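Below is one structure, written out as structure tokens; comments come after it.
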Amino acid sequence: MCGRFTLFEPDKMLAKSFDLGEIPRLAPRYNVAPGQPVAAVRASSSGGARELAFLRWGLIPSWAKDPSIGGRLINARAETVGEKPVFRNAFRRRRCIVPASGFYEWQRTERRKQPYYIRMRDGRMFGIAGLWDRWEGEDGSVAETCAVLTTAANAALAPVHDRMPVILDPGVYDRWLDIAAGAPGSLQPLLVLFPPDEMVAFPVGFGVNDPSVDDEGCIAPL
DNA sequence: CCAGACGTTGTT
DNA sequence: GTCTGG
DNA sequence: CCAGACGTTGTT
DNA sequence: GTCTGG
């Protein structure tokens, strides 16, 4: 699964990697947690270009009566996302990409849970496949929220955990974001296993466990 | 028909 | 909204 | 994902 | 144990 990640690339790098125009200044993040605003790339509502939107992590379906459901919908299984009532509509019409510098997984041992940090070997940022939705409350309040897709762990992650986020090849960004793009079935091939050789995973300290800790220490190798 | 769930993870 | 269970 | 709360009564 | 908040 994916329950924490980082995004500390300079704004210009982010804009360049995801072909965005002007974007607001972002504070470097070393511990993005569910419930918090996430910078996400999606098709612009005005059509054509991409935009960067801030979506709360934890998807609230538009039809939800109780928005607290969003607290639990931080991940969507890639294997079933096209069929599940909670995600199906978002999968068809509201896909996004969550830029990340890396992410965390917790390895369960008999004694404790050891956090690991995972990033690209060359340090480059990458895009996680996501979905978003827009919810309007009775009182007119609006929440734009998101979830990230997960899939089976590749060889790089397997020793740590059995699931990992779906990392998109940059070559498919356009198709993933294109809301008009064909049937859900045609998107499944985009959700392929990311090459494990390009990734590294290493244990880090327990600082990341506390969501209020958000500094470079989170990703320092043990 | 209406009522109630709609999810993932991990753990048992 | 849409599906499942009763 | 993890951390931290989880309650009522009455008083300020 | 389970829910909420971050």
Side-chain angles (χ1 to χ4, degrees), chain A residues 1-7 27-40 54-95 98 100-119 128-138 141-153 157-167 184 191 201-215 217-219 222:
Chain A
M1 110 314 327
C2 179
R4 302 287 178 89
F5 68 94
T6 66
L7 178 62
R29 297 296 310 275
Y30 297 90
N31 194 4
V32 181
Q36 298 177 356
V38 163
F54 293 90
L55 311 172
R56 190 150 58 89
W57 190 4
L59 189 140
I60 306 172
S62 59
W63 41 261
K65 290 187 196 75
D66 180 2
S68 70
I69 188 176
R72 301 183 293 286
L73 303 180
I74 64 170
N75 293 149
R77 293 176 68 90
E79 299 91 329
T80 55
V81 68
E83 300 144 26
K84 297 287 184 183
V86 174
F87 298 126
R88 195 178 47 191
N89 220 34
F91 184 63
R92 278 200 291 249
R93 302 168 46 94
R94 288 180 297 278
R95 297 181 294 276
V98 177
S101 306
F103 61 94
Y104 299 94
E105 298 288 357
W106 278 258
Q107 181 183 56
R108 286 167 187 279
T109 67
E110 286 183 13
R111 302 193 50 118
R112 57 183 187 174
K113 292 188 193 175
Q114 174 63 51
Y116 279 69
Y117 184 58
I118 300 96
R119 60 167 170 78
I128 301 172
L131 310 172
W132 65 277
D133 214 331
R134 179 188 166 88
W135 178 85
E136 292 186 34
E138 302 272 328
S141 60
V142 171
E144 288 195 325
T145 59
C146 67
V148 297
L149 271 62
T150 63
T151 188
L157 266 291
V160 179
H161 196 70
D162 62 344
R163 306 288 298 175
M164 65 179 276
V166 173
I167 299 172
L191 311 179
F202 52 85
V204 294
F206 290 89
V208 66
N209 283 9
D210 185 342
S212 71
V213 175
D214 187 0
D215 56 46
C218 291
I219 64 170
L222 270 195

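Sequence lines set the chain letters: A, B, ... in the order given, protein chains first and strands last, and positions in each chain run from 1. As the structure is a computational prediction, the values presented were derived from the model and not from experiment.
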Which nucleotide in the list [options] gets nearest to the side chain of [X]?
X: A/R77; options: B/dC6, D/dC1, B/dT8; value: B/dT8
X: A/P85; options: B/dG7, D/dC2, B/dT8; value: B/dG7
X: A/W106; options: D/dC1, B/dT9, B/dC6; value: D/dC1

Under the rule of Watson-Crick or G-U wobble with both distances under 3.5 Å, where | means paired to another strand and [ ] a crossing pair, DNA chain D maps to ||||||......
Return the value, rounded to whole Å, for the distance between atom [atom1] of [X] and atom [atom2] of [N].
X: A/L131; N: B/dT8; atom1: CG; atom2: P; value: 11 Å
X: A/F87; N: B/dA5; atom1: CZ; atom2: P; value: 17 Å
X: A/K84; N: B/dC6; atom1: NZ; atom2: P; value: 9 Å
X: A/L59; N: B/dG7; atom1: CG; atom2: C1'; value: 10 Å
X: A/L73; N: B/dA5; atom1: CG; atom2: P; value: 15 Å
X: A/R88; N: B/dG7; atom1: CZ; atom2: P; value: 10 Å
X: A/R72; N: B/dC6; atom1: CZ; atom2: C1'; value: 10 Å
X: A/I74; N: B/dT8; atom1: CD1; atom2: C1'; value: 8 Å

How far does the [atom1] atom of [N] sit from the matching atom of [M], given to the nearest Å?
N: E/dC3; M: B/dC6; atom1: P; answer: 13 Å
N: E/dG5; M: B/dT8; atom1: P; answer: 23 Å
N: E/dT2; M: B/dG7; atom1: C1'; answer: 16 Å
N: B/dT9; M: D/dC1; atom1: P; answer: 8 Å

Where the side chain of [X] meets the backbone of [Y], is there a donor-acceptor pair that is under 3.5 Å apart?
X: A/T151; Y: A/A78; result: no
X: A/W135; Y: A/P67; result: no
X: A/N31; Y: A/V208; result: yes

Remember a base hit wins even if backbone is also touched, and classify [X] as base, sugar-phosphate or nothing at under 4.0 Å, heavy atoms.
X: A/S62; result: nothing
X: A/D214; result: nothing
X: A/Y104; result: nothing

Show every side chain to side chain donor-acceptor pair (under 3.5 Å) that has at least one partner inside residues 58-70 of chain A, sequence neighbours left out.
A/D66-A/S68
So salt bridge (charged side-chain N to carboxylate O under 4.0 Å, His left out) across residues 69-87 of chain A, not counting sequence neighbours, yields A/R77-A/E79, A/E79-A/R163
Tell me which one of A/T150, A/V38, A/V148 satisfies side chain to side chain contact (heavy atoms under 4.5 Å, CB included) with A/I128.
A/V148
Nucleotide range of DNA chain C contacted by chain A, 5' to 3', under 4.0 Å to a heavy atom?
C/dG1 to C/dC3
Residue list, ring pair (Phe, Tyr, Trp, His ring centres under 6.0 Å) with A/F5, at least two apart or on another chain
A/W57
Residues which pass ring pair (Phe, Tyr, Trp, His ring centres under 6.0 Å) with A/F103, listed by chain and number, not counting sequence neighbours:
none
Just how far is it from atom OH of A/Y117 to atom CD1 of A/I219, taken to the nearest 0.5 Å?
5.0 Å
Taking C-beta and beyond as the side chain, do A/E144 and A/D133 meet within less than 4.5 Å on heavy atoms?
no
Pick the nucleotide of DNA chain B nearest each of A/K65 and A/C2; which residue has the one closer to the 5' end?
A/K65
Report yes if at least one side-chain N or O of A/T150 is closer than 4.0 Å to OP1 or OP2 of B/dG7; otherwise report no.
no
A/K113 side-chain N/O to D/dC2 phosphate OP1/OP2 under 4.0 Å
yes
So which atom in A/I74 and which in A/G58 form the shortest heavy-atom distance, rounded to 0.1 Å?
CG2-CA, 4.1 Å
